[in-house]
Amino acid sequence: MIYQIYPRSFQDSNGDGIGDLQGIMKRLDYLEQLGIDGIWLSPVCKSPQDDNGYDISDYQDIDPMFGSLSDMEQLIEEAKKHGIRIIMDLVLNHTSDEHPWFKEAKSGRDNPYHDYYVWRDGEEGTPPNGMRACFGGSAWQWVPEVGQYYFHQFSVKQPDLNWDNPRVRQEIFEMIRWWMDKGVGGFRLDVIDQIAKVPDKGITNNGPMLHTYIEELSRETFQKGDLVTVGEAWGATPELAKLYSNPDGREFSMVFQFEHINLDQQEGKEKWDLAPLPFLKLKEIFNQWQTSLYGCGWNSLFWDNHDLPRIVSRWGDDGKYRTESAKMLATLLHGMQGTPYIYQGEELGMTNVKYDIQDYRDIETLHMYQERKDAGYREEEIMASIYAKSRDNARTPMQWDGGKYAGFSEREPWIRVNPNYREINSEAQVGVAGSVFEYYRKLVKMRKEYPVLTDGRFRLLLEKDEQIFAYVRENEESRILVVCNFFGKPALCELEEAWDEAELLIGNYEGENDRPGEMRDGFLEVLRPYEARMYLARR
Ligand code: TEU
Ligand code: CA
């Protein structure tokens, strides 16, 4: 069970309005209560913070904003005492343009570091090709000192590293081993499927050398320790995921894939071009991932991260049925096979925000706003995209209590607190029956109690039902049934197979009305709005 912390938004300890490592240490009891085993910590290395730490200028030091290297060592040790390992975020596709390697690289073509990055000749004003950077604009940046362009898939302050250079790979491996010696429990690998780019052919993801490089990386580093590793791979398909997460350990433990995430955007367009959520498609995709990796790979299970809008505002209802729908979405995810990830605040049912444009901080959001303004989009249309998809939805401060700044900081935070913090916060939920937090805690516990949740085979039911997501997990000893109503109106759930003597393990209306229902000759239940239930039957 892994919990993701976005450090600048989790807990401030020194009143500068920015979360930090000492802040995380204060909340280890909370995380232990939730029952998690690992923390994926978004980048805390030294960084100019152009992309909130995903632009690293020193891989072997901590940004003073977050603390010091000894704070980090302390966190690793303290977390261990709570049964929690720290999973570092490795950003290996690019560095900051303020990294010493890049400063050297751009000082001259003959500099030994020049070839650490991706350069192409060209004329000023005429980039090598029309490739676009992820945060807008050309992917090529002219450097007059060397009379060349460098390649950047993200911001201009994030030059891409040249993985074709063996010296780059060696330096990276050494740096990783250094962190391993410090006792970290694993790594999350940022945009790892983009390291083997071939810009001349327009290739970003899944370049021809990708798996060769990953195998070498794994051999030279991870395989020398006992680690969990997860690669971020926007371009992953189930077939590719079998390579990445092959149980022989040649590459990673697992990858984050995004097929279930990219559904609410217009085909072939950007994430900002909104489209309704296709429910049947969601079932189809999860079904495909669950069945095709069974026995030959491993899934990661997630709804949220620091780049994505809040799931309760996306697939749930963040108004009337916020609590019910947050729990329903958790049930659906935690019943499946794989390693579940909880993103900070998801366990409280935290929601998206609607701010004025000047209150947004994310580089991607701000670039898009300007670009679409210039292109003549209407203000309301741009803001609607931002409300639905801005990464800042996930980056508002963690809501700890109903006090000023939600208990996150004593001073005005770097980004506004979600105005609903008085109602939605951890103090109002920890130890409180019926809360989203207690529900997550129970799910986390169940995952460790019932082996069928780990190893059971997945079987989708009611594939064509327009409202219900239902599936079975089964092994030799037992069967689990998960039924979820994804909408705000009741739904009749009728299954042919019998679930007599099944025990209700968890349900989001539990207690209110534990009807046994008609289980004998099949299964017949009316599911209330966003209702979810999980049953267990022994064989
Ligand atoms: O994200 C990769 C990535 O492709 C995202 O930029 C994604 O396209 C976008 O967030 C969707 O809205 C990783 C990190 O998770 C992200 O925070 C970084 O900005 C990015 O890499 C660059 O390091
Ligand atoms: Ca701080």
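Side chains included, hydrogens not; waters and symmetry mates left out as well; all remaining heavy atoms used. Owing to the predicted nature of the structure, the values given are computational and were not obtained by experimental measurement. Just follow the structure's listing: the first ligand is 1, and inside any ligand the first atom is 1. Numbering starts at 1 and runs along the sequence shown.
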Visitor: Suppose we measure from atom 2 (C) of ligand 1 to each protein heavy atom; which comes out shortest, and what is that distance?
Guide: Val191 CG1, 3.1 Å
Visitor: Which is the closest N/O/S atom of Asp16 when seen from the Ca ion (ligand 2)?
Guide: OD1
Visitor: Can you check whether Tyr54's main-chain N or O pairs, donor with acceptor, with Asp51's side chain at less than 3.5 Å?
Guide: no
Visitor: Answer with yes or no whether the side chains of Tyr387 and Ser313 bring together a donor and an acceptor at under 3.5 Å.
Guide: no
Visitor: Ignoring hydrogens and geometry, is there a side-chain-to-backbone donor-acceptor pair from Trp140 to Met131 under 3.5 Å?
Guide: no
Visitor: Which ligand 1 atoms are under 4.0 Å away from a heavy-atom of Glu232?
Guide: 1 (O), 2 (C), 13 (C), 15 (O)
Visitor: Considering heavy atoms of the protein only, find what lies nearest to atom 8 (O) of ligand 1 and give residue, atom and distance to 0.1 Å.
Guide: Cys134 SG, 3.7 Å
Visitor: For a ring pair (Phe, Tyr, Trp, His ring centres under 6.0 Å) check, start with the C-alpha distance between Tyr3 and Tyr440, then their side-chain angles and the critical distance, and finish with the verdict.
Guide: CA-CA 12 Å; Tyr3 185 91; Tyr440 266 85; 9.5 Å; no
Visitor: If we ignore hydrogens and angles and just use 3.5 Å, is the side chain of Asp374 paired with the main-chain N or O of Glu371 as donor and acceptor?
Guide: no
Visitor: On the ring face of Trp400, is Arg27 found with NZ or CZ under 6.0 Å from the centre and within 45° of the axis?
Guide: yes
Visitor: Test your reading of the model: is there a side-chain donor-acceptor pair from Gln194 to the backbone of Thr204, 3.5 Å cut-off?
Guide: no
Visitor: Check the side chains of Ser245 and Glu251 for a donor-acceptor pair under 3.5 angstrom, ignoring hydrogens and angles.
Guide: no
Visitor: Identify, for atom 10 (O) of ligand 1, the protein heavy atom at the shortest distance, and state residue, atom and that distance.
Guide: Arg391 NH1, 3.1 Å
Visitor: What is the closest protein heavy atom to atom 14 (C) of ligand 1, and at what distance does it sit?
Guide: Asp190 OD1, 3.1 Å
Visitor: Under 4.0 Å from a heavy atom of His306: give me the atoms of ligand 1 that qualify, with their elements.
Guide: 14 (C), 15 (O), 16 (C), 17 (O)
Visitor: Run the numbers for me: atoms of ligand 1, each under 4.0 Å from some heavy atom of Arg395, listed by number.
Guide: 17 (O)
Visitor: Below the 3.5 angstrom mark, is there an N/O of Gln194, backbone or side chain, next to an N/O of ligand 1?
Guide: no
Visitor: Is Lys269 positioned over the aromatic face of Trp272, cation under 6.0 angstrom from the ring centre and no more than 45 degrees off axis?
Guide: no
Visitor: Would you say that more than 12 heavy atoms from the other residues, nucleotides or ligands in this model lie under 6.0 Å from the NZ of Lys354, or not?
Guide: no
Visitor: Specify the protein heavy atom at minimum distance from atom 9 (C) of ligand 1: its residue, its atom name, and the distance to 0.1 Å.
Guide: Glu364 OE2, 3.4 Å
Visitor: Which atom, among the N/O/S set of Asp12, is closest to the Ca ion (ligand 2)?
Guide: OD1
Visitor: Considering only heavy atoms, does Met368 approach ligand 1 within less than 4.0 Å through its side chain, its backbone, both, or neither?
Guide: neither
Visitor: Measure the distances from the heavy atoms of His94 to every atom of ligand 1 and state whether one is below 4.0 angstrom.
Guide: yes
Visitor: Answer yes or no: is there an ion pair linking Glu379 with Lys373, defined by an N-O contact shorter than 4.0 Å?
Guide: yes
Visitor: Would you mind telling me which of Asp61, Asp63, Asp55 makes a side chain to side chain donor-acceptor pair (under 3.5 Å) with Ser47?
Guide: Asp55
Visitor: Do me a favour and list the nearest non-hydrogen protein atom to atom 12 (O) of ligand 1 with residue, atom name and distance?
Guide: Lys271 NZ, 2.4 Å
Visitor: Any idea which N/O/S atom from Asp20 gets closest to the Ca ion (ligand 2)?
Guide: OD2
Visitor: Looking at the Ca ion (ligand 2), is there an N, O or S atom belonging to Ile18 that lies under 3.0 Å away from it?
Guide: yes
Visitor: Leu189 pairs by side chain to side chain contact (heavy atoms under 4.5 Å, CB included) with which of Leu217, Val255, Val230?
Guide: Leu217
Visitor: Using a 4.0 Å cut-off to any heavy atom of Phe135, which atoms of ligand 1 qualify?
Guide: 6 (O), 19 (O)
Visitor: With a cut-off of 4.0 Å, which atoms of ligand 1 are near a heavy atom of Asp51?
Guide: 18 (C), 19 (O), 20 (C), 22 (C), 23 (O)
Visitor: Using 3.0 Å as a strict upper limit, say whether an N, O or S atom of Gln22 approaches the Ca ion (ligand 2) that closely.
Guide: no
Visitor: Quick one: does Glu270 get a heavy atom under 4.0 Å from ligand 1?
Guide: no
Visitor: Return the closest protein heavy atom for atom 7 (C) of ligand 1 as residue, atom name and distance.
Guide: Trp234 CZ2, 3.6 Å
Visitor: Among all protein heavy atoms, pick out the one at the shortest distance from atom 17 (O) of ligand 1; state its residue, atom name and that distance to 0.1 Å.
Guide: Asp307 OD1, 2.8 Å
